Number of protein chains: 2
Amino acid sequence: MPKKSSTENGKRPTIRDVAALAGVSVPTVSRVLAGNYPVAPATRAKVLRAMRELDYVVNAHARALAGATTKTVAFVVDDVTGPFYAFIARGVEQEASSQGRLCLLCTTHGDPERELAVVELMREQHAEAVIVVGGAWDDPKYAERMRYFATVLDKSGSRLVLCGRPSLGEDVPATVVHYDNEGGSYAMTAYLLSAGHRKICYMGFGVGLSTTDERMAGFRRAHADYDVEVDESLLIHGHFSKASGREMTRHLLAERSDVTAIFAATDMVAAGTLKALREAGVRVPEDMSVVGFDDIPLASDLTPALTTVHVPHEQLGKEAVRLGLGRSETGDDQVVLGTHIVVRDSVAPPKHLSH
Amino acid sequence: MPKKSSTENGKRPTIRDVAALAGVSVPTVSRVLAGNYPVAPATRAKVLRAMRELDYVVNAHARALAGATTKTVAFVVDDVTGPFYAFIARGVEQEASSQGRLCLLCTTHGDPERELAVVELMREQHAEAVIVVGGAWDDPKYAERMRYFATVLDKSGSRLVLCGRPSLGEDVPATVVHYDNEGGSYAMTAYLLSAGHRKICYMGFGVGLSTTDERMAGFRRAHADYDVEVDESLLIHGHFSKASGREMTRHLLAERSDVTAIFAATDMVAAGTLKALREAGVRVPEDMSVVGFDDIPLASDLTPALTTVHVPHEQLGKEAVRLGLGRSETGDDQVVLGTHIVVRDSVAPPKHLSH
DNA sequence: ATGAAAGCGCTAACAC
DNA sequence: GTGTTAGCGCTTTCAT
């Protein structure tokens with residue numbers, strides 16, 4: 001028959017086994033484990049040897065139950081495969097493990113229900129910090145629930161960290177690590193405007209998404225500063241995906257001929273835009289300028305290389321952990337990281353100006 | 001003074017608080033939580049109401065300690081940002097959460113030491129399954145340690161799952177979920193060979209990596225079947241990265257002029273290759289055919305769209321969880337998922353044959 | 001410096 | 001059906 005477990009006793013050794021083998025008491029073993037209390041070198045050695053011999057490892061659950069801290073941070077994202085999230089994840093994981101923490105990964109697939117459920121789950125786990133990544137919904141009911149979770153997490157000794165989304169209000173016990181959406185969007189729009197573009201399409205308008213709100217604010221402010229009116233019919237709704245970018249671009253091409261620049265909501269959207277443009281024989285940047293947002297690695301691989309807004313994803317993740325774990329040290333509960341545009345090859349002045 | 005009421009002292013409510021408020025015993029509460037035992041509807045209602053009122057959530061650690069299963073699977077990867085890993089991660093996370101499991105994320109950054117340390121950590125956590133993703137090192141010492149971990153994990157009720165790497169041997173208590181590297185490599189090489197290519201460069205040869213070993217086997221077998229000798233000087237060492245691909249390609253171009261096709265070890269490498277080729281003015285596929293391995297999303301975004309070997313990443317992740325959790329149900333401890341080539345636009349017959 | 005005793009919050013036999 | 005009685009493996013007072 002196919003082998004089963006090579007185990008006979010199937011039980012893992014406990015601290016008691018170690019104590020017995022070493023000929024000391026259980027608390028003594030606990031002390032050498034924690035290393036915080038004085039233990040006679042000789043005893044210590046015996047214990048260590050016993051542990052090695054039994055191949056002992058502590059039971060993290062027992063330890064957590066008995067009061068020691070949990071040593072885990074939870075990480076709640078939309079979808080690990082989003083290049084956006086992946087880099088934040090890397091930052092989180094790096095900082096967490098450098099602080100000796102484990103990292104719980106949960107995904108929500110853009111479902112607010114699931115997001116809330118997951119936060120609940122984290123409460124069961126006593127995660128030291130619960131980091132929720134990505135844009136939030138504008139829905140007041142949703143905000144209310146999030147506020148509630150901030151409170152209950154706080155009460156049970158956890159910290160809610162909002163990463164890449166706005167604060168829930170002054171009095172809510174949550175940490176926010178955000179980046180400057182509005183500023184990046186403003187800079188990019190101004191860049192386009194100053195190149196001479198007047199009909200700029202914003203592609204990938206997510207209704208009720210904090211990210212969109214913030215970026216639109218920058219978009220509008222830049223237009224205002226340049227005395228250019230925003231053409232509301234050029235604010236195109238759609239998802240943050242390549243497929244959606246391609247789709248939206250096709251429609252745009254079919255319906256409008258006055259647009260000279262496309263501001264894609266994300267680099268992913270821009271990738272789809274570029275593809276649709278190429279398929280339609282529209283040259284970039286000669287016939288159409290295209291810019292994105294995020295500065296994911298893909299951006300520099302596209303043809304032409306994409307001019308976009310850089311977001312410090314990885315650092316965002318690190319800060320989230322740092323602040324989530326280190327609160328109270330400083331009153332520093334709020335951080336906004338800067339963004340800046342990265343100029344590559346996808347923007348040129350509009351045709352009528354280019355000669 | 002009276003203690004107990006957790007609602008007031010800021011501690012999280014326990015099952016005891018719920019029992020008290022509902023006027024029942026602790027085990028009764030436990031029963032409605034578990035839902036596996038008969039409880040009078042009326043009692044049940046009272047308990048539920050009390051839980052809601054106190055905003056109670058179980059303590060996962062206490063539950064784990066008391067014997068109930070841990071409900072977590074661990075996921076050990078090289079680097080979350082690798083597009084390769086991200087999709088496996090998605091599969092793992094999906095299947096895990098659909099089975100009500102939490103997902104622990106650990107990264108190793110290609111460091112065998114850290115990989116082993118992480119497996120140790122997982123032992124403390126009592127993860128039900130520990131999924132180690134990606135190629136392994138050929139080093140016998142490394143294999144020995146992995147075997148050891150398979151054994152200790154097994155002894156403590158966990159299961160080691162090797163995902164995307166070969167088995168450690170028949171008698172090792174580990175599950176393996178692999179994909180057909182050799183077959184995919186064979187198919188691709190044969191495809192190139194049958195298109196007329198005779199001087200094929202294998203780019204990104206990783207010394208001592210199981211992945212490379214397997215792919216080389218397919219590469220060689222195809223050559224043998226076509227009676228073409230493998231030019232050993234065309235097996236170029238390098239990392240699985242875009243930068244490395246670019247670098248290797250530059251060198252190749254500088255030193256050889258007889259190569260008509262490049263088999264990049266991964267799509268990432270291929271992306272670098274393509275870039276270097278474009279920079280050198282070499283047209284793809286007219287002057288040089290290029291193929292990759294993995295079929296990550298990037299592959300179809302490249303110009304030209306990359307012909308590559310498809311690896312079912314996401315399903316790999318799902319199977320890993322399924323098998324890791326479901327062992328003993330079937331003796332099914334070993335699975336190899338198929339691979340197949342995806343033909344896009346980066347291959348053409350070599351020039352001297354193309355007219 | 002070390003041991004004894006008392007839980008942490010929960011589940012799991014057993015009774016009733 | 002429901003309550004009683006025991007722990008799960010560990011950390012912490014508190015003695016000594």
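Note that the coordinates shown come from a computational prediction; the quantities given were computed from them, not determined experimentally. Order of the sequence lines fixes the chain letters, A, B, ..., with proteins taken first and strands second; residue numbering starts at 1 for each chain.
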Counting only side-chain N and O atoms of A/T28, is one of them less than 4.0 Å from OP1 or OP2 of C/dG3? yes
Going by the rule salt bridge (Lys or Arg N to Asp or Glu O under 4.0 Å), which residues pair with B/R165 if we only count those two or more places apart in sequence or in a different chain? B/E115
What residues form a side-chain hydrogen bond (donor to acceptor under 3.5 Å, both in side chains) with A/Q125, not counting sequence neighbours? none
For chain B and DNA chain D, what are the first and last nucleotides along the strand, 5' to 3', with at least one atom under 4.0 angstrom from a heavy atom of the protein chain? D/dG1 to D/dG9
Please identify each residue that fulfils salt bridge (Lys or Arg N to Asp or Glu O under 4.0 Å) with A/R123, with sequence neighbours left out. A/E120, B/D55
Can a side chain N or O of A/S25 be found less than 4.0 Å away from OP1 or OP2 on C/dG3? yes
More 5' along DNA chain D: B/V39 or A/V29, using each one's nearest nucleotide? B/V39
How many Å lie between CZ on B/R16 and P on C/dT11, as a whole number? 13 Å
Between protein and nucleotides 12-16 of chain C, what N or O pairs are separated by less than 3.5 Å?
from: C/dA13; atom 1: N6; to: B/R31; atom 2: NH2; distance (Å): 3.0

Those residues that, when tested against A/K46, pass side-chain hydrogen bond (donor to acceptor under 3.5 Å, both in side chains) (two or more places apart): none
Those residues that, when tested against B/R145, pass salt bridge (Lys or Arg N to Asp or Glu O under 4.0 Å) (two or more places apart): B/E113
Partners meeting ring-ring contact (aromatic ring centres under 6.0 Å, His included) with B/F87 (sequence neighbours left out): none
Round to a whole Å and report the spacing from CG of A/N59 to C1' of C/dC10. 13 Å
By salt bridge (Lys or Arg N to Asp or Glu O under 4.0 Å), A/E319 pairs with (sequence neighbours left out) A/R322
Whole-Å gap separating C1' (C/dC8) and CG (A/L65): 5 Å
Once you round it to whole Å, what is the distance between C1' of C/dG7 and NE2 of B/H61? 17 Å
Anything under 30° is parallel, anything over 60° is perpendicular, the rest tilted; go ahead and classify A/H61 against B/H61. tilted
Separation of atom CD1 in B/I15 from atom P in C/dG7, rounded to whole Å: 18 Å
Taking the side chain as C-beta and beyond, is there a heavy-atom pair between B/H178 and B/L162 under 4.5 Å? no
Whole angstrom is fine here: how far is it from CD in A/E124 over to P in C/dC8? 20 Å
Contacts of A/T69 meeting side-chain hydrogen bond (donor to acceptor under 3.5 Å, both in side chains) (sequence neighbours excluded), chain-then-number -> A/E128
For B/Y142, check ring-ring contact (aromatic ring centres under 6.0 Å, His included) against everything at least two apart and list the hits. B/W137
Net bend of the helix from C/dA1-D/dT16 to C/dC16-D/dG1, end axes of five pairs each, nearest 10 degrees: 30°
